[in-house]
Participant: 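Below: one structure in structure tokens.
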Amino acid sequence: MSSNKTIQKTYDLARERFAELGVDTETALAKLAKIPISIHCWQGDDVGGFETAGAQLGDGLAVTGNYPGKARTPQELRADFEKALSVIPGKHRFNLHANYAEMDGKRVDRNALTVRQFQNWIDWAKTLKIGLDFNPTYFSHPMVKGGLTLTHQDESVRKFWIEHGIRCREIGAGIGKALGSTCLTNLWIPDGMKDTPADRKGPRLRLADSLDQIFRKKIDRKHNVDSVEPKLFGIGAESYTPGSHEFYLGYAVDRGTLLTLDAGHYHPTEGIADKISSVLCVLPEIALHVSRGVRWDSDHVVTLTDDLQAIAQEIVWGGYTDRVRIGLDYFDASINRVAAWVIGARNMVKALLLALASPIEKLQEAEGAGDYTSRLALLEDSKMLPFGAVWDYYCLTQNVPAAETWLATIKQYEAAVLSKRA
Ligand code: RNT
Ligand code: ZN
């Protein structure tokens, strides 16, 4: 592998090449260092959480694979994530789910959780100087009845889950206040129907009412902001999802929440990139769950696809870096989970770098002049620019391994730590 000197030399040449197209790579890297990615806790333990040992995942979510070494305790998950962070350039956030509560001996049910069950996470985040985000957990629980939560006909079921939503916003506010960094509390429910419903309206009206109860209390937006996450379908809910895109888009606009666009939640060929500027015409802020569906919402590890690049381009080229909270959402249990975190997160950062170092001014100039020939020509030729040299240099300046060399660190960790887990 290249020495630091080679990386520097290669970068110096690359920098000149980018400058020829009007791109200042120094500015691009300074901007890149300021974009946090909210990295999801649930890749580390297959969405298991720590409420009860060996919780059964279901309710539309599925993790496949049984690669050894998954985190079995909060301590292990924290250590694994620290290892991942040590090879991801930039300053990022950690995205918790309510089922990662630490009970400290006495079991607290979802409708009674408080920030106390997350104090260890807060203390840990403080020592790492990172922000935390949060999610209510509307799955893997006996009160999910027939796959339904906030839309259930039975008021007692809805009430339980409304209380859970209320508690989670309070927890989000507590987290945001304690860390001095606004927490995003993102709400997704699995509710839906396997087969053709006879009533599409009722569940939606109940969902709107449940959400209104959850969001009734005003919370200082400095500490917590709320978001709602639409979905087209889930396993076992193929025919109908009350919380559809149109439902939540309208809800977010009307009630002033954020909207979370998950890359796996639309028709298989429908990307979320084009939705970003569309919804940001009306919403002040949105959140993303960057994921990769393969044939369905399969939550594969994020790779550097055209879809990912289109998402990053829209955020960067639209000037939206302060209005889009970028988060990751995938879970793969068939490979080393720490590596899965790293690969997906590094790819997200790479995609942002590609967008930041693109000759966007020249592209927009050509477009403005109606010269679509030049636009297409430059768009295609710019794909051959020496981005790799800039990426390696960025890793160097961020004190993380460049190119493929990070893997050795994770393999060592696997041999020393992960492989010893039963
Ligand atoms: C499910 C949603 C949701 C979950 C996480 C675990 O389809 O994408 O965001 O993946 O909350
Ligand atoms: Zn999601």
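All heavy atoms count here, side chains included; hydrogens, waters and symmetry mates do not. These numbers were taken from a predicted model, which means no experiment stands behind them.
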Participant: Are any of the side-chain heavy atoms of Val87 and Ile410 separated by less than 4.5 Å?
Facilitator: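 Yes, close enough: below the 4.5 Å cut-off.
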Participant: Nearest heavy-atom pair of Leu304 and Gln309: which atoms, and what distance?
Facilitator: O-NE2, 3.7 Å
Participant: Just by modelled atom types, is the Leu205 backbone N or O under 3.5 Å from a matching donor or acceptor in the Asp209 side chain?
Facilitator: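 Not confirmed, Asp209 side chain does not pair with Leu205 backbone.
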Participant: When the ring planes of Trp391 and Tyr394 are compared, do they come out parallel, tilted or perpendicular, using 30° and 60° as the limits?
Facilitator: tilted
Participant: Return yes if a side-chain donor-acceptor contact under 3.5 Å exists between Asp191 and Thr151, otherwise no.
Facilitator: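 There is such a pair (donor and acceptor under 3.5 Å, judged by atom type) between the side chains of Asp191 and Thr151.
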Participant: Can you tell me if CG on Asp306 sees more than 12 non-hydrogen neighbours from other groups inside 6.0 Å?
Facilitator: no
Participant: Please determine if Arg337 and Asp46 form a salt bridge, counting it only when a charged side-chain N lies under 4.0 Å from a carboxylate O.
Facilitator: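 Salt bridge flag = yes for Asp46 with Arg337.
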Participant: Flag yes if more than 12 heavy atoms outside Asn66 fall under 6.0 Å of its CG atom; otherwise flag no.
Facilitator: no
Participant: Using the side chain to side chain contact (heavy atoms under 4.5 Å, CB included) rule, pick out the option among Thr257, Leu187, Val253 that qualifies with Tyr248.
Facilitator: Leu187
Participant: Do Leu280 and Val324 come close enough that some side-chain heavy atom pair is under 4.5 Å?
Facilitator: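 Yes, side chains in contact.
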Participant: May I ask you to test the Ile37-Arg93 pair for a side-chain heavy-atom distance under 4.5 Å?
Facilitator: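 No. Closest side-chain heavy atoms not under 4.5 Å.
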Participant: Measure the acute angle between the ring planes of Phe134 and Phe118, then classify it against the limits of 30° and 60° as parallel, tilted or perpendicular.
Facilitator: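 Because their plane-to-plane angle is over 60°, the rings of Phe134 and Phe118 count as perpendicular.
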Participant: Write down the atom of Thr10, the atom of Ala389, and the distance for their closest heavy-atom approach.
Facilitator: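 For Thr10 versus Ala389, the nearest heavy atoms are CG2-CB, 3.7 Å.
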Participant: Does some side-chain heavy atom of Trp161 sit less than 4.5 Å from a side-chain heavy atom of Met143?
Facilitator: yes
Participant: Would you check if the side chain of Thr149 reaches a backbone N or O of Tyr138 as a donor-acceptor pair within less than 3.5 Å?
Facilitator: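 Answer holds: no.
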Participant: More than 12 foreign heavy atoms under 6.0 Å from CG of Asp24: is that the case here?
Facilitator: yes
Participant: Please check this pair: side chain of Asp80 against backbone of Val338, looking for a donor-acceptor N/O pair closer than 3.5 Å.
Facilitator: no
Participant: Would you tell me whether Gln364 and Trp317 have side-chain atoms, one donor and one acceptor, within less than 3.5 Å of each other?
Facilitator: no
Participant: Please determine which of Asp262, Asp329, Asp297, Asp59 meets the salt bridge (Lys or Arg N to Asp or Glu O under 4.0 Å) test together with Lys231.
Facilitator: Asp297
Participant: Mind checking the CZ-CG spacing from Arg158 to Leu148? Nearest 0.5 Å is all I need.
Facilitator: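 The distance works out to 11.0 Å.
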Participant: Go through it in stages, so that I can follow the logic: the residues are Ser3 and Thr6, the test is side chain to side chain donor-acceptor pair (under 3.5 Å), and I'd like the CA-CA distance, side-chain angles, deciding distance and then a yes or no.
Facilitator: CA-CA 5 Å; Ser3 67; Thr6 316; 2.9 Å; yes
Participant: Are more than 12 heavy atoms from other residues, nucleotides or ligands located less than 6.0 Å from atom CZ of Arg323?
Facilitator: yes
Participant: Check for me whether the distance between the ring centres of His300 and Tyr330 falls short of 6.0 Å.
Facilitator: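 Not close enough - the centres of the two rings lie 6.0 Å or further apart.
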Participant: What I want to check is whether the side chains of Asp226 and Asn224 have a donor and an acceptor closer together than 3.5 Å.
Facilitator: yes
Participant: Evaluate the side-chain proximity of Leu61 to Trp188: yes if any heavy-atom separation is below 4.5 Å, no if none is.
Facilitator: yes
Participant: Taking the side chain from Gln398 and the backbone from Leu396, do they hold a donor-acceptor pair closer than 3.5 Å?
Facilitator: no
Participant: Before accepting this row, confirm whether a basic side-chain N of the pair Glu76/Arg72 lies closer than 4.0 Å to the acidic partner's carboxylate O.
Facilitator: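 A salt bridge links Glu76 with Arg72.
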Participant: Side chains of Leu96 and His40: does their closest heavy-atom pair fall under 4.5 Å?
Facilitator: no
Participant: Go through the side-chain N and O atoms of Thr25 and Tyr11 and say whether any donor and acceptor fall under 3.5 Å apart.
Facilitator: yes
Participant: Check whether the side chains of Gln119 and Asp123 place a donor and an acceptor atom closer than 3.5 Å, and report yes or no.
Facilitator: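 Looking only at side-chain atoms, Asp123 and Gln119 do form a donor-acceptor pair, the distance falling under 3.5 Å.
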Participant: Any non-hydrogen side-chain atom of Leu128 less than 4.5 Å from a side-chain atom of Leu85?
Facilitator: yes
Participant: Does some side-chain heavy atom of Ile286 sit less than 4.5 Å from a side-chain heavy atom of Thr260?
Facilitator: no
Participant: Please report the shortest heavy-atom distance between Leu207 and Pro242, naming the atom on each side.
Facilitator: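 Looking at all heavy atoms of both residues, the shortest contact is CD2-C, 4.2 Å.
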Participant: What class does the angle between the rings of His97 and Trp42 fall in, given that below 30° is parallel, 30 to 60° is tilted and above 60° is perpendicular?
Facilitator: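 Taking Trp42 first and then His97, their aromatic rings stand perpendicular (interplane angle over 60°).
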Participant: In terms of heavy-atom contacts, does NZ of Lys91 have more than 12 from other residues, nucleotides or ligands at under 6.0 Å?
Facilitator: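 Count over threshold, so yes.
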Participant: Would you confirm whether Asp154, through its side chain, and Ser156, through its main-chain N or O, come within 3.5 Å as a donor-acceptor pair?
Facilitator: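 Pair found, side chain donor or acceptor close to backbone of Ser156.
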Participant: Should the pair Glu163-Arg167 be classified as a salt bridge under the 4.0 Å nitrogen-to-oxygen rule?
Facilitator: no
Participant: If I compare all heavy atoms of Ser239 with all of Asp195, which pair ends up nearest, and what's the gap?
Facilitator: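 Minimum heavy-atom contact is OG-CA, 3.3 Å.
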Participant: Counting only N and O atoms by type, is there a donor-acceptor contact under 3.5 Å from the side chain of His245 to the main-chain atoms of Pro230?
Facilitator: no
Participant: Surrounding CZ of Arg107 (heavy atoms of other residues, nucleotides or ligands, distance under 6.0 Å), is the total greater than 12?
Facilitator: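 Correct, the count exceeds 12.
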Participant: Run the ring-centre check on Phe18 versus Phe387 and record whether the distance is less than 6.0 Å.
Facilitator: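 Here the rings of Phe387 and Phe18 have centres that are less than 6.0 Å from each other.
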Participant: Around atom CG of Asp212, are there more than 12 heavy atoms from other residues, nucleotides or ligands closer than 6.0 Å?
Facilitator: yes
Participant: Show, in sequence, the C-alpha distance, side-chain angles and deciding distance for Ser227 and Arg325, and conclude whether the side-chain contact (heavy atoms from CB on, under 4.5 Å) test is met.
Facilitator: CA-CA 10 Å; Ser227 194; Arg325 296 178 67 114; over 6 Å; no
Participant: Donor-acceptor check, side chain of Tyr240 to backbone of Arg200, threshold 3.5 angstrom: yes or no?
Facilitator: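 Yes, Tyr240 side chain to Arg200 backbone: donor-acceptor pair under 3.5 Å.
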Participant: Indicate yes or no for a side-chain donor-acceptor contact from Asp109 to the backbone of Ala112 under 3.5 Å, with no hydrogens or angles considered.
Facilitator: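 Not at all, since once roles are kept as given, no pair shorter than 3.5 Å links the two residues.
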Participant: Distance under 6.0 Å and angle within 45° of the ring axis: does Lys275 meet both against Tyr266?
Facilitator: yes
Participant: Between Gln43 (side chain) and Asp332 (backbone), is there a donor-acceptor pair under 3.5 Å?
Facilitator: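 Flag set: sc Gln43 to bb Asp332 pair under 3.5 Å.
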Participant: Hey, are Arg292 and Thr303 close enough side-chain-wise for a donor-acceptor pair under 3.5 Å?
Facilitator: yes
Participant: Test side-chain contact (heavy atoms from CB on, under 4.5 Å) on Leu352 and Val316; report intermediate values, then the result.
Facilitator: CA-CA 7 Å; Leu352 290 165; Val316 170; 4.0 Å; yes
Participant: Under a 3.5 Å cutoff, is there a donor and acceptor pairing between the side chains of Asn99 and Glu51?
Facilitator: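 The answer is no; no qualifying pair exists.
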Participant: Using a 3.5 Å distance criterion without hydrogens, assess whether the side chain of Thr241 forms a donor-acceptor pair with backbone atoms of Leu232.
Facilitator: yes
Participant: Nearest 0.5 angstrom please: Leu379 CG to Gln313 CD, how far?
Facilitator: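 Between Leu379 CG and Gln313 CD, I get 7.0 Å after rounding to 0.5 Å.
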Participant: Is the Phe81 to His92 ring centre distance short of 6.0 Å?
Facilitator: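 That pair fails the under 6.0 Å test.
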Participant: Determine, using ring centers only, whether Trp296 and Phe233 are less than 6.0 Å apart.
Facilitator: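 Not under 6.0 Å, so no.
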Participant: Kindly give the heavy-atom pair with the smallest separation between Ile272 and Leu261, and that separation in Å.
Facilitator: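 Result for this residue pair: CD1-O, 3.7 Å.
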Participant: Locate the shortest heavy-atom distance separating Gln117 from Thr114; write the atom from each residue and the value.
Facilitator: OE1-N, 2.7 Å
Participant: Do Glu414 and Tyr67 pair up side chain to side chain, a donor and an acceptor below 3.5 Å, judged on atom types alone?
Facilitator: yes
Participant: For Glu270, I'd like to know if atom CD has over 12 heavy atoms of other residues, nucleotides or ligands within 6.0 Å.
Facilitator: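 Counting other residues, nucleotides and ligands, CD of Glu270 exceeds 12 neighbours.
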Participant: Going by atom types alone, do Asp133 and Asn186 pair a side-chain donor with an acceptor below 3.5 Å?
Facilitator: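 No, because no side-chain N or O of Asp133 sits under 3.5 Å from a partner of the opposite role on Asn186.
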Participant: CG/Leu328 to CG/Asp299 distance, rounded to the nearest 0.5 angstrom?
Facilitator: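 That separation rounds to 11.0 Å.
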